[in-house]
2 protein chains.
Amino acid sequence: MNKTVNKTKEHTCEVDLFDPKRVASVRKKMKPEGTMQALAETFKALADTTRVKIIFALSQQELCVCDLASLLKVTKSTVSHQLRILRNMRLVKYRKEGKMVYYSLDDDHIKNLFDEGLRHVEEM
Amino acid sequence: MNKTVNKTKEHTCEVDLFDPKRVASVRKKMKPEGTMQALAETFKALADTTRVKIIFALSQQELCVCDLASLLKVTKSTVSHQLRILRNMRLVKYRKEGKMVYYSLDDDHIKNLFDEGLRHVEEM
DNA sequence: GCAACAGTTGAATAACTATTCAATTATTGT
DNA sequence: ACAATAATTGAATAGTTATTCAACTGTTGC
């Protein structure tokens with residue numbers, strides 16, 4: 001399958017003398033495409049300063065949308081849009097109480113992930 | 001500072017009856033802006049399928065750029081661009097050997113973060 | 001020196017995303 | 001019913017980013 005030398009014609013740029021044994025051995029261990037994508041999606045949900053702040057705030061205490069807007073000094077619309085992303089990823093849950101909607105973290109798992117990241121950053 | 005009712009004029013849209021005690025108590029615990037940004041940056045480095053695959057592959061074994069290109073079926077240029085991002089975030093390190101450049105994970109910390117994410121995804 | 005190749009880089013493009021704005025829904029109190 | 005306000009939503013915009021392409025650097029072997 002993988003020839004040791006993978007020659008293409010004249011103009012170089014994609015010839016490639018990779019090591020087929022090394023590549024094959026790693027390929028066997030690779031997770032399915034779907035897993036890799038889901039993992040990237042999860043990290044993507046945390047890959048924004050506003051969402052990081054929301055997650056941190058909610059790890060301290062349940063808060064409504066306008067608490068968060070006030071705390072972060074952004075509009076409710078912005079908070080609401082970002083909360084939708086976190087909701088879709090099952091990172092936060094909510095309960096309604098009259099006009100207000102109170103958000104909190106969906107489980108401890110996300111807190112672990114977050115804290116692991118925090119430890120990484122604070123050890124720099 | 002925070003008045004209980006934060007009235008603005010006529011046209012609504014940003015009035016906000018947030019709870020100042022709740023907000024103040026969380027605000028005290030918030031990490032500095034820089035920490036929040038660094039954290040988002042770290043997650044951003046992992047927030048892409050190609051980079052997730054690179055990190056996973058390197059967690060198995062040290063690999064050169066064209067190994068990675070072959071494994072992931074993308075061009076060396078693409079791999080190189082993404083490796084630069086990971087290098088800048090100190091997530092991977094490299095050593096040169098002749099023409100080849102071998103990359104590996106910078107430390108175990110990143111592996112922990114990655115595994116924590118993997119556990120989250122695989123428990124869905 | 002020259003050809004071949006590994007890797008890097010900058011520019012361009014296409015796709016994606018955060019925020020803003022305006023409109024809408026739903027709930028509370030009068 | 002009406003006014004006020006919490007929250008959500010869709011569209012538009014501006015900014016960001018992944019990939020591609022072409023050119024380039026540096027190393028090896030002839």
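This structure is a prediction, so every number in the text was calculated from the model and none was measured. Here is the naming used below: chain letters follow the sequence lines, and residue numbers restart at 1 for every chain.
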Whether A:Phe56 and A:Phe114 hold their rings parallel, tilted or perpendicular, with breakpoints at 30° and 60°: tilted
Aromatic plane relationship, A:His109 with B:His120 - under 30° parallel, 30 to 60° tilted, over 60° perpendicular: perpendicular
Could you tell me how far apart [X] ([atom1]) and [N] ([atom2]) are, to the nearest whole angstrom?
| X | N | atom1 | atom2 | value |
| --- | --- | --- | --- | --- |
| A:Arg95 | C:dA26 | CZ | P | 21 Å |
| B:Tyr103 | C:dA6 | OH | P | 15 Å |
| B:Leu63 | C:dG7 | CG | P | 11 Å |
| A:Asn88 | C:dA18 | CG | P | 12 Å |
| B:Leu71 | C:dA6 | CG | P | 16 Å |
| B:Glu41 | C:dA18 | CD | C1' | 14 Å |
| A:Asp19 | C:dA6 | CG | C1' | 15 Å |
| B:Arg84 | D:dA18 | CZ | P | 11 Å |

Nearest heavy atoms of A:Leu39 and B:Gly117, plus distance in Å: CD1-C, 3.3 Å
[Y] and [X], any side-chain heavy atoms less than 4.5 Å apart:
| X | Y | value |
| --- | --- | --- |
| A:Thr42 | A:Leu113 | yes |
| B:Asp67 | B:Gln61 | no |
| A:Asp115 | A:Arg119 | yes |

Nearest to side-chain heavy atoms of [X], which nucleotide of [options]:
| X | options | value |
| --- | --- | --- |
| A:Asp48 | D:dT8, D:dA7, C:dA18 | C:dA18 |
| B:Val101 | D:dA7, C:dT19, C:dT8 | C:dT8 |
| B:Ser77 | D:dT9, C:dA18, D:dT20 | D:dT20 |
| B:Gln82 | D:dA7, C:dT8, D:dT19 | D:dT19 |
| A:Thr50 | C:dT19, C:dT17, D:dT19 | C:dT19 |
| B:His81 | D:dC21, C:dA18, C:dT20 | D:dC21 |

Base versus backbone protein contacts along nucleotides 25-30 of chain D [heavy-atom cut-off under 4.0 Å; B, S, -]: -BBS--
Whichever of A:Lys44 and B:Cys64 has its nearest DNA chain C nucleotide further upstream toward 5': B:Cys64
Touch class at under 4.0 angstrom, heavy-atom based, for A:Tyr94 against every strand present: nothing
Sugar-phosphate only, base, or nothing, as touched by B:Ile85 at under 4.0 Å among non-hydrogen atoms: sugar-phosphate
Salt bridge B:Glu62-A:Arg22, side-chain N to carboxylate O under 4.0 Å: no
Flag if over 12 foreign heavy atoms under 6.0 Å of OH, A:Tyr102: yes
A:Arg87 vs D:dT9: side-chain N/O to OP1/OP2 distance below 4.0 Å: yes
D:dT8 phosphate, OP1 or OP2, under 4.0 Å from A:Ser80 side-chain N/O: yes
